[in-house]
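What you see is a predicted model, and the numbers here were worked out from it, not measured in a lab. A note on names: the letters A, B, ... follow the listed sequences, proteins ahead of strands, and every chain is numbered from 1.
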Number of protein chains: 2
Amino acid sequence: MPLTADEIERSALEILDRYGLGDLSMRRIATGLGVAPGALYWHVANKQQLLIGLARRIVGDPEPLDGPWQSAVGQWARSLRSRLLEHRDGAELVASAVALADPVDADHPDALAPAASLGRLLVAAGMSAGDAVAAADTVLHFTLGQTMAWQSRAQFRELGITGPGAVSDSFDLGLELIIDGMQNRVSTTQR
Amino acid sequence: MPLTADEIERSALEILDRYGLGDLSMRRIATGLGVAPGALYWHVANKQQLLIGLARRIVGDPEPLDGPWQSAVGQWARSLRSRLLEHRDGAELVASAVALADPVDADHPDALAPAASLGRLLVAAGMSAGDAVAAADTVLHFTLGQTMAWQSRAQFRELGITGPGAVSDSFDLGLELIIDGMQNRVSTTQR
DNA sequence: ACCTGAACACCGTTCAAGT
DNA sequence: ACCTGAACACCGTTCAAGT
């Protein structure tokens, strides 16, 4: 039976997890599927689009967020972070896909815009639309960047290039700091 | 007269600015210098190290920061941002170099750690060492991520793939939000 | 010491031709 | 409709051999 885009993406994710982003080539995916390299291009436009598809899979659907907005923001960020950490080079892949897929707004529901749900939550909590977008972007970029650095350090450690001993994980500290900063926007804007 | 590492880096920066990160290959740099590809490897360990060197050049030396800490933090971030925007794909290049060069701490003064000076400033302003590292990292990752997304959107726009009209620049909003969040850490820790 | 020539082991992508 | 074979135009890196 014929190849499908879904099969290609699943196979690509396996290579990513086992060998890393640097070894994720179209030719390797094709070999893994027992197919000629050119065959992939019947199902997938090009490598960039394939990577965006992988990023979408890694990020997944937004969790339902409950409780007061402060803890919902924390939940959102920690959930994104843990999804990124489930795959080798997950943060790096998603960070560049977010930039590439960027036309990120409203009318383009297909965009890779994980912060959209967070933005809506912040509006519901009392933020202006502009502040909510900026605040959601802040949490998103912080999470992607911090996780990317953390993950690449972790991979160095696995290779024994230990560098400085356990760099304490400052993710939660940074996250709280951002949530604190949001407080003003919510209470200021609320009537 | 012989080639130097400095010459190679300068030549690489020109290619970056004119053709972008995707076209920045060792072979192209060599051609630009009128030299065989292998010649570069006498002066530079490999492409990764060369990219880290470029990132160091782009980031440059820390500006002297003055005034109250709140405005110094703003200065720091805006200065980093404008340096990233001076080069095509500057944010993307520096973001990945920061992750790659990571063993980022103390004893390794050669690391690409632009947030170090910011961390010292925050300690001087009254933060604990741990909070200062986390806060500086937050500003750094936010700045890299936001600028990377902004820059790639800007490049799409140049190609006419306009996507959504002028997405308003939420950099300053996000930055203020983070600075607000820092306030608590400074005043809480201060005696 | 510094560089060339030439090779090795790869890439992404296209496209006629087959089934 | 879906895939193969084969090509095109590239990569990063190594290393004997030259000067």
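Residue B:Leu50 comes nearest to B:Met26 through the heavy atom pair CD2-SD, 3.9 Å, listed as atom of the first residue, atom of the second, then distance. Here the closest non-hydrogen pair linking B:Thr138 and A:Phe142 is OG1-CE1, 3.5 Å. Pairing each heavy atom of B:Ala135 with each of A:Leu177, the nearest pair is CB-CD1, 3.6 Å.
Comparing the C1' positions of C:dA7 and D:dC11 gives a spacing of 14 Å, expressed to the nearest Å. When the P atom is compared between D:dA9 and C:dC10, the two are found 22 Å apart, to the nearest whole Å.
A continuous path of Ile, Leu, Val, Met, Phe, Trp and Tyr side chains, each step under 4.5 Å between heavy atoms, connects A:Leu13 with A:Leu3, placing both in one hydrophobic cluster.
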Whenever both distances are under 3.5 Å in a Watson-Crick or G-U wobble pair, mark it; put DNA chain D into dot-bracket that way, with [ ] for crossing pairs and | when the partner is on another strand.
||.|||||...|||||.||
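Distances shown here put every side-chain N or O of A:Trp42 at or beyond 4.0 Å from the OP1 or OP2 atom of D:dC3. In this structure, B:His43 reaches the C:dC3 phosphate: one of its side-chain N or O atoms is under 4.0 Å from OP1 or OP2.
Within the structure, the side-chain hydrogen bond (donor to acceptor under 3.5 Å, both in side chains) test picks out the following pairs touching residues 88-98 of chain B (sequence neighbours left out): B:Asp89-B:Gln155. Counting only residues at least two apart or in different chains, salt bridge (Lys or Arg N to Asp or Glu O under 4.0 Å) contacts with residues 57-73 of chain A comprise A:Asp6-A:Arg57, A:Glu9-A:Arg57. Contacts classified as side-chain hydrogen bond (donor to acceptor under 3.5 Å, both in side chains) and involving residues 15-36 of chain B (residues at least two apart or in different chains) are given here: B:Asp17-B:His87.
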Report, one pair per line, the protein and nucleotides 8-15 of chain C atoms (nitrogen or oxygen only) whose separation is under 3.5 Å.
{"from": "C:dC11", "atom 1": "OP1", "to": "A:Ser25", "atom 2": "OG", "distance (Å)": "3.0"}
{"from": "C:dG12", "atom 1": "OP1", "to": "A:Met26", "atom 2": "N", "distance (Å)": "3.1"}
{"from": "C:dG12", "atom 1": "OP1", "to": "A:Lys47", "atom 2": "NZ", "distance (Å)": "3.0"}
{"from": "C:dG12", "atom 1": "OP2", "to": "A:Met26", "atom 2": "N", "distance (Å)": "2.9"}
{"from": "C:dG12", "atom 1": "OP2", "to": "A:Arg27", "atom 2": "N", "distance (Å)": "3.3"}
{"from": "C:dG12", "atom 1": "N7", "to": "A:Arg27", "atom 2": "NH1", "distance (Å)": "2.6"}
{"from": "C:dG12", "atom 1": "O6", "to": "A:Arg27", "atom 2": "NH1", "distance (Å)": "2.8"}
{"from": "C:dT13", "atom 1": "OP2", "to": "A:Tyr41", "atom 2": "OH", "distance (Å)": "2.6"}
{"from": "C:dT13", "atom 1": "OP2", "to": "A:Lys47", "atom 2": "N", "distance (Å)": "2.9"}
{"from": "C:dT13", "atom 1": "O5'", "to": "A:Tyr41", "atom 2": "OH", "distance (Å)": "3.3"}

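Evaluation of the side-chain hydrogen bond (donor to acceptor under 3.5 Å, both in side chains) rule for A:Gln70 yields A:Gln183 as partners, not counting sequence neighbours.
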